[in-house]
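Only heavy atoms go into these numbers, but all of them, side chains included; no hydrogens, no water, no symmetry mates.
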Amino acid sequence: MSEEPLREPEPSADPAAYLGLLARGAAVEAYDRPVLLARAGGAGPDVLTALEHAKQLALRVRAELEGRRRREAELSALFETAHDLAGLRDLDAVLRAIVQRARSLLGTEVAYLSLNDPAAGDTYMRVTEGSVSARFQQLRLGMGEGLGGLVAQTARPYVTESYFDDERFQHTRAIDSGVRDEGLVAILGVPLMLGSQVIGVLFAADRRARVFEREQVALLGSFAAHAAVAIDTANLLAETRSALAELERANGIIRAHSGVIERASEVHDRLTELVLRGGGVHDVAAALSEVLDGSVEFTEGPLPAECVDGHATRRGDEWVAAVSAGGEALGALVLRGHPDLDPVDQRTLERAAMVTSLLLLARRSAGEAEQRVRGELLDDLLDAPERDRRLLRERAARLSADFDAPHVVLAARIDRPDPHVDPHPDPHVTERESADRRRLWSAASHLAATRRGLASARDGGTVLLLPLGPGDTAAELARQTAKHLGGTLREPVTVGASSPVDAPAARPGAIAPAYAEARRCLDALRLLGRPGEGAAASELGFLGLLLADTRDITGFVTRTIGEVVAYDRSRGTDLVRTLDAYFASGMSPVRTKDELHVHVNTVAQRLERIGRLLGPDWQSPPRALEIQLALRLHAMSAAVAR
């Protein structure tokens, strides 16, 4: 009797069927089948709801697994590149491998690498992958011409979603013809740096419009750093060969340096082994301490002013090597107890700094995944508090957050001028503000993770939900948070806090109003001229706001509600009183008409007129706070005049 062929089991109405789909690595479409089959089989609403919930959880797990696989592939490629550098023989082969891996991991159709020609004063194509145009492969770009020329000139990454529509860089007929011949549309270019010198550019490009994410820019920057090291190493090897030819008659000097070279080879092998077996930053420091016969320590945070990226720098009796990735400073390796460091050992210290940057990037990738999960939970609490409370509690428990304890909502913002004030903002300023917001979110997310809380980027700043410790107050927590974030970012960070929320698990709907209260407190601090401070809403009464503007009360009232006051004086209307009653009634037109003893349509007409006078955003929290303060000051001024 012949055996029955093995068939894939049919999905069932059991939510556990999704475990089988996850185990098999099934396609996304397969996750709809259990629900469809259950519905076709007449399953009840409870069963269908349970299946749908299980499907969403399974899809989320599948997406997380896919992300982890992608990050593993990126790290594997970086480790392979580091291994290539350790055994560098053929520069072209290493550069070609780097370009191929960059193209594969970023999923682009084309990747290429150009090098600067100091003699000609331009940059030329060195390696291409995926290119089909001979004209494109033979392009030479003048410094500042095209996207690549601009990267080579400014030593900064540049990305464009649509090359021919981008006016930030200089278009030339020769470059545009080559790019058009290749059919490229979206291009990302990062500089190849040796110290502060740009030696070339690494590119990833697509023949369609595409947005390159920040992680992809950092990843390509890491590959560019490897390419620069490969070129630098090849140059060093060439210099070494030349030196060896000249030193054949000086065997004594060669013997004197042989021990140093052996140590360099040893540390390179040990660092490569550390990377491949998943060692940590402190393992690198320990291995380096042993090989260099000194004490090596990794320090996080901003680099010393004298530290030059890519090179070991002497600072007194210490040597400092910057640890960076994609142009971002991550910290430094500090060598103590070995002030007389020869060039080979200096290069060893610099190689160790690069390996350290790879390990930190891997750790950051895992940390950012957790930060995103924490941010999504806080966003759900703010935007969809009506969701299943049991599910919210389970998600919080997985993040070690205790939603049965009292929490405080904090609104944090780097104290910068409002970008909406300038009708023609400087694009570099806007870019800096975006970078500031990302830095603030990253620092706040790290703080939230250590405090078992949540953090999310929102409304041009960051919102945090932190537990309130025994004996702590919301005001003290706000001050601590402002001090911590300001010290981390080396920028004044202003923090406003809400009143405590007793138990977010029992009252998820209280988080959004608490956030609004925290934002009002934040705006009040800025109005009071207290940048870089933290305070709770309960601390800022009317007296505090009054003292903040004693220098120009009349000017503040005129700028804020002057149009409404002038309209009343010229027309004999009662808009100021209506505005005051509207805020006093909790911004309810119905209660306002009872306060004024008029018809609700009259209130609506007056509010519409007020909106035309004050602008469409007059009811937003920041404007509403200013208007209420101006109304109080106006009323006090009128009382004093009488």
Thr233 side chain vs Val229 backbone, donor-acceptor pair below 3.5 Å:
yes
Pair Glu491, Leu440 - check side chain to side chain contact (heavy atoms under 4.5 Å, CB included), show working.
CA-CA 10 Å; Glu491 299 269 9; Leu440 176 60; over 6 Å; no
Does the side chain of Asn116 reach to within under 4.5 Å of the side chain of Val198, using non-hydrogen atoms?
yes
Sole residue of Tyr158, Tyr163, Phe164 in ring pair (Phe, Tyr, Trp, His ring centres under 6.0 Å) with Phe169
Tyr163
Should Trp441 and Thr462 be marked as a side chain to side chain contact (heavy atoms under 4.5 Å, CB included) after you check the CA-CA gap, both sets of side-chain angles, and the distance that decides it?
CA-CA 6 Å; Trp441 171 78; Thr462 299; 4.1 Å; yes
Between Arg180 and Asp176, does any NZ, NE, NH1 or NH2 come within less than 4.0 Å of an OD or OE carboxylate oxygen?
no
After noting the C-alpha distance and the side-chain angles of Arg347 and Asp232, does the key distance pass the salt bridge (charged side-chain N to carboxylate O under 4.0 Å, His left out) rule?
CA-CA 11 Å; Arg347 186 63 64 189; Asp232 188 31; 3.1 Å; yes
Of the non-hydrogen atoms in Ser131 and Val110, which two are nearest, and what is the gap between them?
N-CG1, 4.3 Å
Using side-chain heavy atoms (C-beta onward) and a distance below 4.5 Å, is Phe203 in contact with Leu188?
no
Below 4.5 Å, heavy atoms only, C-beta onward: do Glu318 and Glu297 meet side chain to side chain?
no
Any Glu129 side-chain heavy atom under 4.5 Å of Tyr112 side chain:
no
Quick one: do Glu533 and Arg479 make a salt bridge, cutoff under 4.0 Å?
no
Give the minimum heavy-atom separation between Leu335 and Val296, together with the two atoms involved.
CD1-CG2, 3.5 Å
Is the closest basic N to carboxylate O distance between Glu182 and Arg207 below 4.0 Å?
yes
Compare all side-chain heavy atoms of Thr488 with those of Val493 and state whether any distance is below 4.5 angstrom.
no
If you count heavy atoms of other groups shown closer than 6.0 angstrom to CZ of Arg173, is the number above 12?
no
What verdict does the side chain to side chain contact (heavy atoms under 4.5 Å, CB included) test give for Arg439 and Arg490, after you've listed the backbone C-alpha separation in whole Å, the side-chain angles of each residue and the deciding distance to 0.1 Å?
CA-CA 11 Å; Arg439 291 169 54 230; Arg490 298 187 182 277; 5.7 Å; no
What are the two closest heavy atoms between Val151 and Gly189, and how far apart are they?
CG2-O, 3.8 Å
Could you pull out the closest heavy-atom pair between Leu202 and Ala224, with the gap in Å?
CD2-N, 3.6 Å
Using the side-chain contact (heavy atoms from CB on, under 4.5 Å) rule, pick out the option among Leu184, Leu147, Val185 that qualifies with Val179.
Leu184
Counting only N and O atoms by type, is there a donor-acceptor contact under 3.5 Å from the side chain of Thr494 to the main-chain atoms of Gly532?
yes
How close do Gly534 and Ala482 get, counting heavy atoms only, and between which atoms?
N-CB, 3.8 Å
Will you find, in the side chains of Asp379 and Ser456, an N or O donor that is under 3.5 Å from an N or O acceptor?
yes
Using a 3.5 Å distance criterion without hydrogens, assess whether the side chain of Glu145 forms a donor-acceptor pair with backbone atoms of Gly142.
yes
Donor-acceptor pair, His171 side chain versus Asp166 backbone, under 3.5 Å?
yes
Quick one: are Val99 and Thr128 in side-chain contact, heavy atoms under 4.5 Å?
no
Which atom pair, heavy atoms only, marks the closest approach of Arg168 to Leu150?
O-CD2, 3.9 Å
Under a 4.5 Å cut-off applied to non-hydrogen side-chain atoms, are Leu466 and Thr481 in contact?
yes
Among Leu477, Leu464, Leu465, the one residue meeting side-chain contact (heavy atoms from CB on, under 4.5 Å) with Arg451
Leu477
Interatomic distance, CG@Leu106 vs CZ@Phe223, rounded to 0.5 Å, equals 8.0 Å
Which distance, rounded to the nearest 0.5 Å, do you find between the NE2 of His446 and the OG1 of Thr450?
5.5 Å
Can we say Arg140 and Asp117 salt-bridge, meaning some charged N sits less than 4.0 Å from an Asp/Glu carboxylate O?
yes
Taking the side chain as everything from C-beta on, heavy atoms only, tell me whether Gln153 gets closer than 4.5 Å to Gln170.
no
Short side-chain to backbone donor-acceptor contact, Gln216 and Glu213, under 3.5 Å
yes
